[in-house]
Amino acid sequence: MTQRRITFLNGPNANLYGLDSKGTYGSESFPQIEARCRQHAESLGVSLDFRQSNHEGELIDWIQAARLDADGLLINGAGLTYTSIAILDALLSFEKPIIEVHMSNIYKREPFRHHSFISKAATGIVAGLGPLGYELAITAMVELLARADKAKADKA
Ligand code: DHK
């Protein structure tokens, strides 16, 4: 079996995690979170393409590229979660598992963060667990891919 490939995209301002004086997203910096995810993916034997952009179009280009390059997609759309039908449409074209991730519990926050356009395309959601949620989402994706492989093998 070839190594599974996972893409993890992060939206606007995620690069500032850990730098906010209110501590909304904890104290871990974005590079630290990225390093943690890379280590975790390596320990699970999957390859991880981890990216962040402040630009909607760039995120859409990466989602489209993932259609060819990735077996599963994880996305924290950050502020674009609540506004971007274009990101939703790109995600709907990705016909493999998608996990939506948020550092914070968005349902505990302002009402404008309570409706995610991304959720319609997501297989599942992880929110409110900080950087741990990033690792759990990677674990969940690996498990979803393994189960899909097993179901295919059982059918053959
Ligand atoms: C990250 C952001 O940047 C916010 O815009 C979202 C999300 C929440 C998070 O919890 O990861 O509202």
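Both counts, for ligands and for their atoms, begin at 1 and track the order of listing. From a predicted model like this one, the values you see are computed outputs, not experimental measurements.
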Pair H102, E100: side-chain N/O donor-acceptor within cut-off below 3.5 Å: yes

Compare E110, H114, H102 and give the one whose heavy atom is closest to atom 7 (C) of ligand 1. H102

Which residue supplies the protein heavy atom nearest to atom 3 (O) of ligand 1, what is that atom called, and how far is it? A78 CB, 3.3 Å

re atom 6 (C) of ligand 1, the protein heavy-atom contact at minimum distance is Y82 OH, 3.1 Å

Check if N76 has a non-hydrogen atom at a distance under 4.0 Å from any atom of ligand 1. yes

The closest protein heavy-atom partner of atom 10 (O) of ligand 1 is S104 OG, 2.6 Å

I need the atoms of ligand 1 closer than 4.0 Å to a non-hydrogen atom of R109, numbered in the order shown. 8 (C)

Any donor-acceptor N or O pair under 3.5 Å, side chains S104, R109: yes

Taking the ring of F117 and the ring of H115, is the distance between their centroids below 6.0 Å? yes

Any donor-acceptor pair under 3.5 Å from K96 side chain to A70 backbone: yes

Students should find that the hydrophobic cluster of L19, defined by side-chain heavy atoms under 4.5 Å apart, otherwise consists of L16

If we number the atoms of ligand 1 from 1 as shown, the ones under 4.0 Å from a heavy atom of R113 are 4 (C), 5 (O), 6 (C), 12 (O)

Top protein contact for atom 1 (C) of ligand 1, by heavy-atom distance: Y17 OH, 3.3 Å

Ring pair (Phe, Tyr, Trp, His ring centres under 6.0 Å) partners for Y17, two or more places apart: Y25

I'd like to check N10 versus F30 (side-chain heavy atoms, cut-off strictly below 4.5 Å). Are they in contact? yes

Which protein non-hydrogen atom lies closest to atom 5 (O) of ligand 1, naming both residue and atom, and how far is it? G79 N, 3.1 Å

Tell me which protein heavy atom sits closest to atom 9 (C) of ligand 1, plus the residue, atom name and distance to 0.1 Å. M103 N, 3.3 Å

Heavy atom of the protein closest to atom 4 (C) of ligand 1 (residue, atom name, distance): Y25 OH, 3.2 Å

Going by an N to O cut-off under 4.0 Å, is there a salt bridge joining R147 and D149? no

